[in-house]
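Okay, structure first, notes after.
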2 protein chains.
Amino acid sequence: MNLVRPSLVELGSAEIRPTALPDHLYAVLKQKILSCVLLPGSRLVEKTLCDEFGVSRTPLREALNRLNHEELVILQPNAGYRVAPITLAGFRSLIELRLIIEPPASALAAVRATPADLADLAACADLPYDPSHDQGFADYCRGNARFHLRIVRTARNPRLENLVMSALDLYQRPTYLRVGRQLDPANPSARHREIVAALAARDADQARHLMEQHIRRGGERILEAMAAAGYPEA
Amino acid sequence: MNLVRPSLVELGSAEIRPTALPDHLYAVLKQKILSCVLLPGSRLVEKTLCDEFGVSRTPLREALNRLNHEELVILQPNAGYRVAPITLAGFRSLIELRLIIEPPASALAAVRATPADLADLAACADLPYDPSHDQGFADYCRGNARFHLRIVRTARNPRLENLVMSALDLYQRPTYLRVGRQLDPANPSARHREIVAALAARDADQARHLMEQHIRRGGERILEAMAAAGYPEA
DNA sequence: ACTTGCATACGTGTATACAATCCAGACTTT
DNA sequence: AAAGTCTGGATTGTATACACGTATGCAAGT
């Protein structure tokens with residue numbers, strides 16, 4: 001490698017020693033895909049990316065393989081890579097997954113939350129919601145994901161946490177494409193606060209129920225917007 | 001590559017064209033790890049494995065990376081690979097995951113099952129249970145996994161299917177170590193048939209409930225045996 | 001005897017060269 | 001003119017050589 005590695009824009013995080021090359025490439029590519037800087041369906045060529053990042057094919061291929069197994073890029077053997085397309089069926093299965101995992105995880109969180117968790121969650125619940133600017137919209141999306149992830153973390157099961165993290169990642173892509181952006185009715189902070197209140201009251205059933213409603217409504221809204229925008233079924 | 005690739009023992013499956021090298025290595029290593037031919041904690045060295053399989057490091061590393069991300073092997077940077085250890089906490093989180101996913105998936109299956117699904121499931125429900133021989137025990141484990149996977153497939157959500165597949169894989173390892181083998185009370189075929197009956201009756205709630213009981217009991221039994229066998233908490 | 005420092009060997013991390021495969025376009029043939 | 005085939009280029013798949021970091025064993029000093 002003969003190029004200085006560009007430092008990953010990492011908000012707040014210390015980033016002491018330079019990240020391992022494949023991890024770094026993975027993170028950057030993933031960010032570009034999730035934020036639709038690399039559009040769904042666009043072609044990815046190893047050589048081109050190597051030149052762009054100033055690395056050889058070996059670490060890059062490791063990153064692409066990882067993205068491939070997470071279904072963010074598609075690799076047709078001996079043919080090439082493409083950024084995974086966005087489909088209605090794919091998004092539906094994602095909503096279904098979230099509906100299965102996050103409500104029970106919230107119920108667990110109601111049982112297992114410490115006072116520190118609750119304080120943290122209360123701080124995460126309120127989101128800055130300013131859809132008039134791109135940056136404001138992006139901040140809102142990240143804040144929303146952070147809240148949901150923080151809930152699952154409170155359930156104290158690392159497997160669940162990883163799963164939801166991955167699901168939220170995939171979830172952000174249609175959102176970033178501004179599908180359903182204008183349809184956003186109101187800031188979901190109110191609903192978030194209700195959920196936190198249920199956790200604080202140790203009301204597992206209520207937490208489960210509120211989370212289910214919350215995810216279902218948001219998912220249906222985006223799904224409708226996607227259908228209206230003409231995304232393919234599969 | 002100058003060596004004939006050993007064909008993967010694939011029961012029934014056609015295996016038309018030779019599998020891609022990394023996929024093949026991944027499958028073989030995974031099988032060895034899950035069946036505890038490669039014991040938890042044992043060291044894996046790239047060069048050694050390369051010689052053994054007659055391939056170069058590139059495709060092998062791809063397989064190891066995949067296993068690493070699935071938490072079947074652990075890689076400490078610049079130090080080496082080890083087969084992931086088995087811990088009580090890890091297994092507990094796995095049970096919790098199955099308890100969250102499979103019961104709702106069964107409920108979905110009750111709604112979405114076709115007559116063909118039901119026939120298939122009925123055929124999968126009965127397991128050959130002969131714990132007196134190693135082979136009989138292994139067959140039982142595989143049959144059990146196949147049944148649970150067939151249920152989830154009936155839910156018609158590929159994401160759920162992949163998740164449960166991965167969870168069942170990890171689940172088999174403690175079982176293969178014969179932990180809790182002698183404690184096995186009876187063939188679970190009866191419980192499986194009850195679940196299939198609930199699906200056939202389109203009784204989603206009953207299917208969910210039965211599946212939850214089934215997983216909880218099996219999990220607790222293995223967990224107790226693991227604790228008795230002295231597996232570490234973490 | 002125990003600790004500390006260094007040298008060496010071992011194993012992973014990266015780069016690059018080579019082989020196999022697929023696709024596109026042009027040419028030939030019917 | 002249409003269809004089939006062949007050839008060239010592009011891109012991934014694999015192998016291998018080199019660079020770097022880490023651990024281990026030995027020796028010297030306390």
Side-chain angles (χ1 to χ4, degrees), chain A residues 1-8 15-29 33 38 41-84, chain B residues 1-8 15-29 33 38-39 41-85:
Chain A
M1 179 181 58
N2 46 15
L3 223 87
V4 174
R5 187 183 317 172
S7 74
L8 178 55
E15 191 75 20
I16 305 290
R17 63 183 175 192
T19 319
L21 224 33
D23 289 355
H24 172 72
L25 297 171
Y26 166 79
V28 172
L29 283 173
I33 292 173
L38 292 171
S42 50
R43 189 116 187 258
L44 297 179
V45 176
E46 291 182 358
K47 181 72 168 55
T48 310
L49 295 170
C50 286
D51 295 345
E52 183 178 332
F53 290 116
V55 300
S56 76
R57 286 177 59 205
T58 311
L60 180 81
R61 275 175 68 90
E62 192 175 323
L64 285 175
N65 269 315
R66 235 174 114 180
L67 292 168
N68 180 37
H69 287 113
E70 293 182 17
E71 299 179 61
L72 278 173
V73 314
I74 293 186
L75 164 62
Q76 45 246 59
N78 285 315
Y81 302 83
R82 308 193 86 90
V83 177
Chain B
M1 179 179 59
N2 45 14
L3 222 88
V4 175
R5 186 183 317 172
S7 75
L8 177 56
E15 191 76 20
I16 304 289
R17 62 182 177 195
T19 319
L21 225 33
D23 289 355
H24 172 72
L25 297 171
Y26 165 78
V28 172
L29 283 172
I33 292 173
L38 293 171
L39 287 171
S42 51
R43 189 117 187 254
L44 297 179
V45 176
E46 292 182 356
K47 182 70 166 58
T48 310
L49 295 171
C50 286
D51 294 345
E52 183 178 331
F53 290 116
V55 299
S56 76
R57 286 179 58 209
T58 310
L60 180 80
R61 276 174 66 90
E62 193 174 321
L64 286 175
N65 269 315
R66 238 174 113 179
L67 292 167
N68 180 37
H69 286 113
E70 292 182 19
E71 299 178 60
L72 279 173
V73 315
I74 293 186
L75 163 62
Q76 47 245 57
N78 285 316
Y81 301 83
R82 308 194 86 91
V83 177

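Excluded from the calculations below are hydrogen atoms, water molecules and symmetry mates; all remaining heavy atoms, backbone and side chain alike, are included.
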- [ ] Measure the distance from CZ on Arg82(A) to P on dT12(D) and round it to the nearest whole Å.
- [x] 11 Å
Open item on the list: Using every non-hydrogen atom in the two residues, find where Leu21(A) and Pro59(A) come nearest and quote the distance to one decimal.
Closed with: CB-CB, 4.2 Å
TODO: Take atom CG of Leu64(A) and atom P of dT11(D), then tell me their distance rounded to the nearest Å.
DONE: 14 Å
Open item on the list: Are the side chains of Leu72(A) and Arg66(A) in contact, using a 4.5 Å heavy-atom criterion?
Closed with: no
Please list, for nucleotides 6-13 of chain C, all pairs of protein and nucleotide N/O atoms separated by less than 3.5 Å.
residue: dT12(C); atom: OP1; partner: Leu44(B); partner atom: O; Å: 3.4
residue: dT12(C); atom: OP2; partner: Glu46(B); partner atom: N; Å: 3.3
residue: dG13(C); atom: OP2; partner: Arg61(B); partner atom: NH1; Å: 2.9
residue: dG13(C); atom: OP2; partner: Arg61(B); partner atom: NH2; Å: 3.0
residue: dG13(C); atom: N7; partner: Arg57(B); partner atom: NH2; Å: 3.1
residue: dG13(C); atom: O6; partner: Arg57(B); partner atom: NH1; Å: 3.0

Task: N/O (side chain, Thr58(A)) to phosphate O (OP1/OP2, dT14(C)) under 4.0 Å - done: no
Open item on the list: Please find the pair of heavy atoms, one from Arg82(B) and one from Gly41(B), that lie closest to each other, and give the distance.
Closed with: NE-O, 3.0 Å
- [ ] Could you tell me whether the side chain of Asn68(A) and the main chain of Leu64(A) form a donor-acceptor pair under 3.5 Å?
- [x] no
- [ ] State, to 0.1 Å, how close Leu60(B) and Glu46(B) come at their nearest heavy-atom pair, and which atoms those are.
- [x] CD2-O, 3.4 Å
- [ ] Please report, rounded to the nearest Å, how far the P atom of dT11(D) is from the CG atom of Asp51(A).
- [x] 12 Å
- [ ] For the residue pair Ile33(B) and Leu67(B), establish whether any side-chain heavy-atom pair is separated by less than 4.5 Å.
- [x] yes
